[in-house]
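Here's the structure we're looking at; comments come further down.
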Amino acid sequence: MAKAIHGFLTLFIFLGFVASLASAAFHVCDPVRFTQLGLDMSVFRYCDKSLPYHVRAKDLIDSMTLQEKAIQLGNKAYGVPRLGLPPYEWWSEALHGVSSTGPGTWFNSTVPGATSFPTVILSTASFNESLWKTIGQAVSTEARAMHNLGMAGLTFWSPNVNVVRDPRWGRILETPGEDPFVVGRYAANYVRGLQDVEGQETTADLNSRPLKVSSCCKHYAAYDVDNWETVARWTFDARVREQDMVETFLRPFEMCIKEGDVSSVMCSYNSVNGIPTCADPKLLKQTVRDDWDLHGYIVSDCDSIEVMHHDRNWLNGVEEDQVSQAMRAGLDLDCGVYYPNFVESSVLKGKMRSSDIDKALKNNYVVLMRLGYFDGMPAYDSLGTNDVCTADHIALAADAARQGIVLLKNDNNALPLDPTKYKSIALIGPHANASSVMIGNYAGTPCKIISPLTAFSGMASVDYQMGCADVACKEDTLIAAAEDAARKAEATVIVVGIDGSVETEGTDRTDLLLPGFQTQMINQVATAATGPVTLVIISAGGVDISFAQQNPSINAIIWAGYPGEQGGTAISDVVFGKHNPGGRLPLTWYKADYADKIPMTSMQLRPDDKLDMKCDQVVEFEVQVSNVGAVDGAHVVMVYSVPPSAIVGAPAKQVVAFKRVFVGAGKSEKVKFSLDACKSLAVVDKSALIVLPTGEHTIEIGSGDGNLISFPLHVDLQKN
Ligand SMILES: *[C@@H]1O[C@H](CO)[C@@H](O)[C@H](O)[C@H]1NC(C)=O
Ligand SMILES: *[C@@H]1O[C@H](CO)[C@@H](O)[C@H](O)[C@H]1NC(C)=O
Ligand SMILES: *[C@@H]1O[C@H](CO)[C@@H](O)[C@H](O)[C@H]1NC(C)=O
C-alpha cells in the first residue's frame, strides 16, 4: 500500500495539484493508476461505480483463483496485481487517538504526532455521551488525514468494550469500566464518532452506508484475564453461565452493533465454556452475524488461530481443521498468517467450501468499498497535515480529561486552591512530572505532552520533589526532601499512582495497593506539610486509598486516570478551580483484601446460592442385601436422589448409582456406594446449567420391588 500511494503522490506533485502537504487520497479504481499498471480499468466490473457494492465485490472475488483468495484473508492482504488490486494492511488502531500500534499506521516528520486523548477509562468517567462521540469524530478526522498521506489504513480495531469484571485486570485503562450498559453506550457513541459520515448516519441499505473510518468492537467475548498467576489469556477457558453471558459479557457488543452499527467485531484469544471464541459458530455466525445483523466483517485477535494451534492443540493440532472451523464459524479475516497459509489446502482437502471463503471476502471488501477505498470519498479526500493536532483537537483532549477527573475527597472545601493566595506549591511524587505515562497504551506519538510540572509551573512557583525514584518506589531515601518542600510551600500537591509496569496488556495486577514506599511517602509528606494537601491518583484500576481517606492531613483527593497529552493542564485546572470536577468512577474501587478473596478466573458475577457443597465432598454408605429366599440370584440395587421439594421443574427423583450383586440363598452381601455430592445431587436448571440446590435432599435406595430405604442429606451455604 505504501508503495502504491507513494507513486500516486509523486504524480500529483508533478502535476502541481498539491501545494502543501494536503491530500493525495489514494483509491483503487483510478483510471490513471490502472494505466500506470498497464491495465484497462474499464474491463474490471468491480470498478464500475454504477453497480451495488455486493455485486462489485462478487466480481472481484470471482476473478480470483483459490490461491489469490487465500492470501487476501490475513491482516496483510497481498492484493492481486493482475487485477489492479493493491495490497492492504487491515491492522490500524485508534483507541484514544490515532495509534501507531498496528502496522497500518505510523508517524514520520510529515505527521510527527496525533492528538492523544485521555485513556478510555478517564473519558468514560465524564459520563458525557456527546463527548465520547466528539472524540471519535476528532480521531477519525486525524485518521482520515493520515490515510490520505499514506500513513494510516482505514480499518481501526478500536474500541475495547470488554466489561471489567475483576479490578486486577491489566487492560482496564483501555475500557469503559465495569457496567455493561455504560460500556455499551460508550461503544455506540465512540463508534458513531469514528464511522458516521455526516448526513448519512442511516441509509436504506446499511451494508452500503458510507464510513468515515471503520471501527471494531473487541474482544468478543468474556475476555478479561491477561496473565494472572499461571493463567494466560491464550489458554484461559472462561466458564460463563448463559445468564451472565447475556446480561454482562455480550451486552456491550450487542449495543455496539445494534446502536453503533459498527462495521467490525474482533473475537478474543480465550475460550468460552471450552470453545475458542474465534471458532465458535454460536458466538460468531449465529449471534453476531445473524441475531445482531452485523454490517461488516469479523476479525480474529492477532494470531488467535495460531494460539489454537500452538497453545491449545485445538482439533488435534491440524491447521486445515482449525482454519476451516474458524471460517465456518463466521470468522472473515485472520489477524495473522493461518488463513493465508492454510485456507487453500483446507479447501483442496475438502475441509471447507470455496463458497465459505467467498462469503468472508465479500464481508471484507464491502467494508473497504463503504470507506471509499475503491472510489475515493470527496468529503474527506482533502484532509491533510493541517487537520492533525489542531488547536481544537488539543483543546478537546484537555476538556475530556477535565470532564473525567473525579473528586474523591474535599474536606472543608480545601479545593480549589485560589492561585492568588497559594503562590508557592510543593509538587511531589513519582507522577508529578508524568509524561508518556499519561497517554497509556494503544497510543500514538502525541502532539505535545503537558506534564503536571509544566502546568503547575504556569500557575505558581513550584518546588518539585519526586519523593520516590519511580512508581515502584523501592526506597524511602527521597522522602525527606519531599517533606522539606511540603513544609516550606503554601500548598502541597502529591501526584502518585501506578503505570504500565503494574497494569497493562499482558500484565494483571497482583494487589490493589500503591507500590513500595508510596503510601509511607504520602503520609509523611502530608504530616510535614504546612498548607493544604491534595493527593492526585494516576491509575486506571482502583487503588486502595482508605488510608488517605481517613488521614485528616490529606485534605483532598482526585483521581485523574491516565489523562492523555493534556493531562497536566486538566489536573492543574481542577486544582486551581478553572474547572469544577464532575466525573464519576466507572468502576468499583475494592479494598486490598479483595485480591485474597476471589480468584481472577472466577467469571461468576453474583453470589451463588446454589453451588456451595464442595464437589469433592463424598457421601459413603453401605447397603446390606439379604437373600431371604431359597434360590441363589442376582439383585440390582438402585440409588436415587430426590431434590428438595421447592425446586421448580426438577425431576421427582434421579438414578445416581446402581449395582448388580449376586447373593446366595439365605446369604447377605454388603454393597458399598460412594456418591460425589455435586454429581449426584445436582439438577439441570431452566437455563440448562447444572446446579446443586440448597436444602433437604433425600437418597433413596430401591429394591426394585417397591421397597425403599431412604435418608436425608442437607446441603446448605456454610457447609464446606
Ligand atoms: C459534554 O461534552 C461536550 C463536548 O463534547 C461539552 O461541550 C459539554 O459541555 C459537555 N456536557 C456537560 C454537561 O458537561
Ligand atoms: C512519511 O511517510 C509517508 C508514507 O510512507 C511518505 O509518503 C512520506 O514521504 C514520509 N515523510 C517523510 C518526511 O519521510
Ligand atoms: C520532566 O520530564 C521531562 C520529560 O520526561 C524531562 O525532559 C524533564 O527533564 C523532567 N523535568 C524534571 C525537572 O525532572
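Atoms within a ligand are numbered from 1 in the order they appear, just like the ligands themselves. Keep in mind that what you see is a predicted model, and the values were worked out from it rather than measured.
A salt bridge between Lys76 and Glu89 is absent, with no side-chain N of the basic residue lying under 4.0 Å from a carboxylate O of the acidic one. Salt bridge status for Lys218 with Glu93: present, with a side-chain N to carboxylate O gap under 4.0 Å.
Between Tyr373 and Phe26, the ring-plane angle classifies as tilted under the 30° and 60° cut-offs. Aromatic ring pairs are classed by plane angle as parallel below 30°, tilted from 30° to 60° and perpendicular above 60°; the pair His393 and Phe117 is tilted. Using bins of under 30°, 30° to 60° and over 60° for the plane-to-plane angle, the ring pair Tyr190/Tyr186 lands in the parallel bin.
Counted by atom type alone, Ser214 and Ser264 present zero donor-acceptor pairs between their side chains at under 3.5 Å.
Proximity of Gln403 to ligand 1, defined as any heavy-atom pair under 4.0 Å, is confined to the side chain (atoms from C-beta onward). Only the side chain of Asn128 comes within 4.0 Å of ligand 1, counting heavy atoms alone; its backbone N, CA, C and O stay farther away.
Remark: ligand 1 atoms within the under-4.0 Å shell around heavy atoms of Ser130 are 1 (C), 2 (O), 3 (C), 5 (O). For ligand 1, the atoms lying closer than 4.0 Å to a non-hydrogen atom of Thr134 are 5 (O). Below 4.0 Å from some heavy atom of Ser109 lie the following atoms of ligand 2, by number and element: 13 (C). Each of the following atoms of ligand 2 lies closer than 4.0 Å to a heavy atom of Thr110: 1 (C), 8 (C), 10 (C), 11 (N), 12 (C), 13 (C).
Within the structure, salt bridge (Lys or Arg N to Asp or Glu O under 4.0 Å) contacts touching residues 124-136 (residues at least two apart or in different chains) are Glu129-Arg185.
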Name each N or O atom in ligand 3 that is under 3.5 Å from a protein N or O, and give the partner atom and the distance.
residue: ligand 3; atom: 2 (O); partner: Asn433; partner atom: OD1; Å: 3.3
residue: ligand 3; atom: 2 (O); partner: Asn433; partner atom: ND2; Å: 2.3
residue: ligand 3; atom: 11 (N); partner: Asn433; partner atom: ND2; Å: 2.9

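Tested against Leu427, the residues Thr492, Val493, Val536, Asn433 include a single side chain to side chain contact (heavy atoms under 4.5 Å, CB included) partner, Val493. When each of Arg209, Arg370, Lys212 is checked for a salt bridge (Lys or Arg N to Asp or Glu O under 4.0 Å) with Asp196, only Arg209 meets the rule.
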